[in-house]
Participant: 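Below is the structure I would like to discuss, written out as structure tokens.
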Amino acid sequence: GADTLPGAKRLYLPLRTGRTAVGVVGLDNDKQGPLLTPEQQRLLDALADQAAVAIERIQLVADVDRARLAAEADRLRTALLTSISHDLKTPLAAIMGAAGTLREYAAALPEKDRAELLSTVVDESERLNRFIANLLDMTKIESGAMEPNYAFHYVGDIVGSALDRARKITGEHRIDTDIPTDLPMLRLDPVLFEQALFNLLDNAAKYAPPDSTIRLQGWVDNGSVILQVMDEGPGIPPDDLERIFDTFYRVRKRDQVRAGTGLGLSISRGFVEAMGGMISAANRTDRPGAIFTIRMPVPEEIPNLAVAKTDDAA
Ligand code: ADP
């Protein structure tokens, strides 16, 4: 119906604003002949202009909202990417290197070297696995999908299993535990609690120098069981004591060099709080070093024989 293209059956008008085009209006007609009279055409032009301005206004408001969210998401994404590029790439490169060497030269290599390459593959795969488990835990906490699986347990038992699991990473440290066996039972999810504790042990092993002592101590205070993990590392700058529990927050530039994600402590806090407890950080006063304190409420009623006490309680 346009003058320039008499054969065209439809008319399309851009919805234009000063900035940009926000859309197109298309007109069709089942009758023969021109689509619009000149007056209708002018009316349509005016309508299209008004519509374009209205649409642009709505878009601008949405843009402002989106920009705010995007800035937030961007910060997270950058942190995540930095962490992922390090935490995925480093172990993957080691696994690929070791596996590739084994494939090419296994026959020519002495048994000792082959075993070493294989343990690199296993160790680095475990590291990847821990990292991915952390990411999954984090998404669960953030989406509010955490549902603790409660049972009654002695905290010493869980300390024992967390220490077992952390044995490889704490191998270069001395472990000193002082958890009385007569502490009251706690109502908690043993898997979540062990993970919260494991992350603290992992940090103590990572940030405190080899041959230093990691101390775990427990006692009852004011209706709660207190569990502390102390190390002999550099400690935490006072201004960062709260922030280290934030997702992806890492204190020192050089901490980025060590395998880590800035997720461990936010997961520990997420888990402990999901179980009704509290976790906080402080610095030692007797010497340099960090102290992490978990406080769990002692349940008012502990059912008899809730969980049989195991022999290997720490
Ligand atoms: P990650 O250890 O993977 O970086 P975390 O959430 O476990 O992440 O810890 C956040 C940051 O808190 C660490 O990067 C480090 O800067 C600091 N931090 C945690 N634990 C300790 C510790 N025991 N001693 C000194 N600094 C610590």
Side-chain angles (χ1 to χ4, degrees), residues 75-76 78-91 124 126-142 159 162-163 165-166 168-177 192-217 227-274 278-294:
R75 212 171 42 82
L76 274 184
T78 315
L80 185 62
L81 279 179
T82 319
S83 135
I84 284 183
S85 57
H86 187 269
D87 290 273
L88 284 182
K89 272 177 75 184
T90 316
E124 295 298 313
E126 282 170 1
R127 202 166 117 187
L128 262 185
N129 200 25
R130 277 205 301 278
F131 172 66
I132 291 166
N134 269 351
L135 278 182
L136 292 180
D137 285 347
M138 204 59 239
T139 44
K140 261 196 235 154
I141 295 176
E142 290 192 338
V159 168
L163 280 172
R165 216 180 112 203
K168 237 190 204 159
I169 41 185
T170 56
E172 294 179 325
H173 295 76
R174 280 183 300 277
I175 305 284
D176 166 20
T177 55
L192 300 190
F193 199 84
E194 185 188 306
Q195 185 63 45
L197 201 55
F198 178 89
N199 291 352
L200 298 185
L201 292 171
D202 187 28
N203 280 346
K206 238 171 13 189
Y207 300 112
D211 277 334
S212 61
T213 300
I214 301 172
R215 182 175 164 80
L216 287 111
Q217 53 189 26
L227 183 64
Q228 279 188 335
V229 179
M230 310 166 85
D231 63 46
E232 299 179 348
I236 294 147
D239 285 347
D240 288 323
L241 286 173
E242 247 323 291
R243 253 183 299 172
I244 51 171
F245 291 97
D246 289 352
T247 318
F248 299 122
Y249 188 77
R250 313 190 74 184
V251 174
R252 288 158 287 255
K253 259 263 159 317
R254 73 188 141 85
D255 290 346
Q256 320 260 353
V257 187
R258 300 179 210 211
T261 53
L263 283 178
L265 288 177
S266 34
I267 290 171
S268 293
R269 172 165 275 177
F271 283 2
V272 168
E273 290 183 350
M278 289 194 302
I279 181 168
S280 58
N283 284 303
R284 296 177 68 151
T285 48
D286 56 333
R287 54 171 302 143
I291 312 179
F292 287 86
T293 306
I294 297 179

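Predicted model only: the values in this text are computed from it and were never measured. Counting starts at 1 for both ligands and their atoms, in listed order. As a basis for the values below, the full set of heavy atoms in this structure was taken, side chains included, without hydrogen atoms, waters or symmetry mates. Numbers here are sequence positions counted from 1.
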Participant: Taking 4.0 angstrom as the limit and counting only heavy atoms of Gly264, give me the atoms of ligand 1 inside it, by number and element.
Facilitator: 5 (P), 6 (O), 7 (O), 8 (O)
Participant: Do any nitrogen or oxygen atoms of Ala290 come within less than 3.5 Å of a nitrogen or oxygen of ligand 1?
Facilitator: no
Participant: Could you measure the distance from the OG1 atom of Thr170 to the CD1 atom of Ile214? Nearest 0.5 Å is fine.
Facilitator: 6.0 Å
Participant: Any atoms of ligand 1 less than 4.0 Å from a non-hydrogen atom of Asn203? List them with their elements.
Facilitator: 2 (O), 5 (P), 7 (O), 9 (O), 19 (C), 20 (N)
Participant: Verify, without hydrogens or angle tests, whether His173 (side chain) and Asp231 (backbone) share a donor-acceptor contact under 3.5 angstrom.
Facilitator: no
Participant: I'd like to check whether Ser266 has a polar contact with ligand 1, where a contact means an N/O of the residue lying under 3.5 Å from an N/O of the ligand.
Facilitator: no
Participant: Quick one: does ligand 1 sit under 4.0 Å from the side chain of Leu265, the backbone, both or neither, non-hydrogen atoms only?
Facilitator: both
Participant: With the side chain counted from C-beta on, respond yes when Leu200 and Leu265 share a heavy-atom pair under 4.5 Å apart, and no when they do not.
Facilitator: yes
Participant: Among Val229, Leu192, Leu163, which one satisfies side-chain contact (heavy atoms from CB on, under 4.5 Å) with Leu197?
Facilitator: Val229
Participant: Relative to the heavy atoms of Leu263, which atoms of ligand 1 are at a distance of less than 4.0 Å?
Facilitator: 6 (O), 8 (O)
Participant: Under 4.0 Å from a heavy atom of Asp231: which atoms of ligand 1 are those, numbered in the order shown and with their elements?
Facilitator: 22 (C), 23 (N), 24 (N)
Participant: Does even one non-hydrogen atom of Phe245 get within less than 4.0 Å of ligand 1?
Facilitator: no
Participant: First locate atom CZ of Arg165, then atom CD of Glu194, and finally report the distance between them rounded to the nearest 0.5 Å.
Facilitator: 5.0 Å
Participant: For ligand 1, is Asn199 a contact, meaning one of its heavy atoms is under 4.0 Å away?
Facilitator: no
Participant: Short list, please: which atoms of ligand 1 are under 4.0 Å from a heavy atom of Lys206?
Facilitator: 1 (P), 2 (O), 3 (O)
Participant: Out of curiosity, Glu232 CD to Asp211 CG, how far, rounded to the nearest 0.5 Å?
Facilitator: 10.5 Å
Participant: Short list, please: which atoms of ligand 1 are under 4.0 Å from a heavy atom of Phe292?
Facilitator: 20 (N), 23 (N)
Participant: Backbone N or O of Gly264 within a donor-acceptor pair of the Asn199 side chain at under 3.5 Å?
Facilitator: yes
Participant: Any chance you could measure Gln228, atom CD, to Leu216, atom CG, to the nearest 0.5 Å?
Facilitator: 10.0 Å
Participant: Report yes or no: does a heavy atom of Gly235 sit under 4.0 Å from some atom of ligand 1?
Facilitator: yes
